[in-house]
Amino acid sequence: MQAQDVRSVVITVKCQSRPGIVAAFSQVVFECHGDIMDINQHNDKAQDRYFMRMVCQLQATEILALRERLNAVAARVGAYYTLRDRAENTRTLIMVSRFDHCLNDLLYRWRIGELTMQPVGIVSNHPKDVACSRIALGDIPFYYLPVSESTKDEQEDRLRTIIADTKAELVVLARYMQVLSNRFAREMEGRCINIHHSFLPGFKGAKPYHQAYRRGVKLIGATAHYVTSDLDEGPIIEQDVERVTHSDTAEDLVRKGRDIERRVLSRAVMYHLEGRVILNDDKTVVFLN
């Protein structure tokens with residue numbers, strides 16, 4: 001292969017467990033003169049379900065043929081698969097409210113090349129000078145969609161239009177503090193990631209860190225998950241915790257909590273962008289290696 005023509009692609013597979021799955025998909029890569037660089041697999045014995053992530057290298061001119069052969073083998077074995085060219089950044093729409101720490105972290109990681117996304121817009125229910133006054137957005141468009149009980153449905157329709165116009169493939173709720181409708185959650189299944197300020201299940205409602213402080217917790221955490229119609233109950237992608245003590249104030253918990261939220265959300269987004277996450281009903285399979 002000539003180096004300038006070589007592409008790296010990620011293939012993910014989900015199907016009922018049966019013999020010959022690895023052989024069938026490996027043969028397709030071989031037929032397209034590709035090299036398998038990495039492969040991870042998992043058998044969910046409770047569901048009798050098989051998951052696989054494969055990273056391959058092949059000539060750019062072979063990608064269309066690879067997709068056609070993958071369609072055929074997936075139909076034959078009853079599998080759902082995805083194919084992603086790693087050279088193409090995922091078009092990502094980020095939503096935020098008043099707290100901009102997660103947004104700032106995502107944009108920083110994107111700018112240094114850590115996240116293979118292309119931000120196509122920032123959406124907020126607050127004006128730009130409130131939502132991200134300390135962040136240089138550059139050429140990233142900003143959309144102000146104020147939400148109230150009377151405008152909620154209308155603004156969600158505008159959000160759908162923005163997603164369509166920007167061709168967004170992923171929506172990230174970077175501390176967007178508005179509840180999205182069940183309809184929107186169904187439409188964006190597996191394509192909308194939220195960060196929750198708790199190691200779920202945890203303290204619900206306003207000021208969760210202050211609730212945690214009053215209860216004298218010893219661990220605080222954060223959870224990144226896909227959005228579903230069940231509020232804060234979506235398939236979990238990533239979680240983390242940090243130990244706290246009796247000497248920490250409520251403000252200390254807020255500060256530490258924001259740091260955890262940044263880390264957890266950025267890792268969840270990175271795993272999604274790299275094709276490491278596969279939905280498994282109410283859970284996920286996340287291939288870390």
Side-chain angles (χ1 to χ4, degrees), residues 1-15 20-42 50-94 106-121 138-141 163-172 188-193 237 266-279 284-289:
M1 293 185 188
Q2 297 180 16
Q4 65 268 27
D5 297 326
V6 173
R7 293 287 185 89
S8 178
V9 300
V10 176
I11 302 168
T12 67
V13 177
K14 176 170 67 174
C15 62
I21 297 296
V22 177
F25 282 91
S26 299
Q27 179 65 27
V28 166
V29 175
F30 173 75
E31 291 170 358
C32 293
H33 313 288
D35 293 330
I36 297 174
M37 311 305 294
D38 188 29
I39 185 169
N40 292 272
Q41 53 188 322
H42 170 67
Y50 175 79
F51 303 85
M52 180 173 67
R53 177 182 185 265
M54 185 184 295
V55 180
C56 311
Q57 286 187 346
L58 73 165
Q59 295 282 354
T61 54
E62 294 282 357
I63 292 179
L64 180 58
L66 176 62
R67 188 179 297 278
E68 292 173 350
R69 284 176 166 80
L70 287 172
N71 288 339
V73 73
R76 187 173 78 246
V77 302
Y80 169 80
Y81 86 92
T82 66
L83 171 65
R84 181 96 193 165
D85 185 342
R86 300 175 85 182
E88 298 178 357
N89 289 347
T90 300
R91 299 178 67 82
T92 304
L93 187 71
I94 306 175
L106 290 172
L107 293 181
Y108 171 75
R109 294 176 190 272
W110 160 63
R111 284 172 175 140
I112 65 172
E114 187 175 316
L115 294 178
T116 56
M117 65 179 185
Q118 177 57 54
V120 294
D139 296 331
I140 305 173
I163 292 172
D165 290 346
T166 60
K167 298 181 174 60
E169 303 165 275
L170 174 67
V171 174
V172 179
M188 296 299 298
E189 180 183 13
R191 297 188 296 131
C192 185
I193 298 175
I237 305 170
S266 65
R267 287 201 295 261
V269 170
M270 180 178 65
Y271 297 157
H272 178 96
L273 296 174
E274 294 181 352
R276 297 184 179 277
V277 187
I278 307 177
L279 282 170
T284 62
V285 172
V286 184
F287 292 116
L288 298 182
N289 299 316

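Heavy atoms only: backbone and side chains are in, while hydrogens, waters and symmetry mates are out.
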Subject >> Euclidean distance, L170 CG relative to I193 CD1, rounded to 0.5 Å >> reply: 5.0 Å
Original post:
What's the shortest heavy-atom distance between L115 and S266, and which atoms?
Top reply: CD2-O, 3.9 Å
Original post:
Atom CD in E62, atom SG in C32: separation rounded to 0.5 Å?
Top reply: 5.5 Å
Subject >> Spacing of I237 atom CD1 and L279 atom CG [to the nearest 0.5 Å] >> reply: 8.0 Å
**OP:** Say whether, by atom type as modelled, one donor and one acceptor occur between the side chain of R53 and the main chain of E274 under 3.5 angstrom.
**Re:** yes
Original post:
Checking side-chain hydrogen bond (donor to acceptor under 3.5 Å, both in side chains) against E169, which of Q118, R191, R84 comes through?
Top reply: R84
**OP:** To the nearest 0.5 Å, tell me how far D35 CG sits from Q57 CD.
**Re:** 7.0 Å
**OP:** Could you go through the side-chain contact (heavy atoms from CB on, under 4.5 Å) check for H272 and V172 one step at a time?
**Re:** CA-CA 11 Å; H272 178 96; V172 179; over 6 Å; no
Subject >> Backbone of F287 reached by a side-chain donor or acceptor of R276 within 3.5 Å >> reply: yes
Subject >> Close side-chain approach of Q27 and V73, heavy atoms under 4.5 Å >> reply: no
Original post:
Of all heavy-atom pairs between G275 and V10, which one has the smallest distance, and what is that distance?
Top reply: O-CG1, 4.2 Å
Subject >> Audit row: Y81, N71, side-chain contact (heavy atoms from CB on, under 4.5 Å) steps and yes/no >> reply: CA-CA 8 Å; Y81 86 92; N71 288 339; 2.6 Å; yes
**OP:** Check whether any side-chain heavy atom of V22 sits under 4.5 Å from a side-chain heavy atom of Y50, and report yes or no.
**Re:** yes
**OP:** Output yes when a side-chain donor or acceptor of R7 lies under 3.5 Å from a complementary backbone atom of D85, and no otherwise.
**Re:** no
Original post:
Going through the distances and angles, do W110 and V269 end up as a side-chain contact (heavy atoms from CB on, under 4.5 Å)?
Top reply: CA-CA 11 Å; W110 160 63; V269 170; over 6 Å; no
Original post:
Can you find a pair of side-chain heavy atoms, one from I21 and one from V77, that are under 4.5 Å apart?
Top reply: yes
Subject >> Nearest heavy-atom neighbours spanning C56 and I11 >> reply: SG-CD1, 4.1 Å
Original post:
Does the R91 side chain pair with the main chain of T166, one donor and one acceptor, at a distance under 3.5 Å?
Top reply: yes
**OP:** Starting at CD1 of I163, measure out to CE of M188 and round the result to the nearest 0.5 Å.
**Re:** 4.5 Å
Original post:
side-chain contact (heavy atoms from CB on, under 4.5 Å) between V286 and R267: does it pass, once the steps are laid out?
Top reply: CA-CA 11 Å; V286 184; R267 287 201 295 261; over 6 Å; no
Original post:
Do you know the tightest heavy-atom contact between V6 and Q59?
Top reply: N-OE1, 4.4 Å
**OP:** Verify, without hydrogens or angle tests, whether T92 (side chain) and T90 (backbone) share a donor-acceptor contact under 3.5 angstrom.
**Re:** yes
**OP:** With rounding to the nearest 0.5 Å, note down the distance linking CG in L106 to CD in E114.
**Re:** 10.0 Å
Original post:
How close do V120 and L93 get, heavy atom to heavy atom, and via which atoms?
Top reply: CG2-N, 4.1 Å
**OP:** Sort out for me which residue in H42, M52, K14 forms a side-chain contact (heavy atoms from CB on, under 4.5 Å) with I278.
**Re:** K14
Original post:
Shortest non-hydrogen contact from G78 to C15?
Top reply: O-CB, 3.7 Å
**OP:** Side-chain contact test, heavy atoms from C-beta onward, threshold under 4.5 Å: evaluate it for L288 versus Y271 and give yes or no.
**Re:** yes
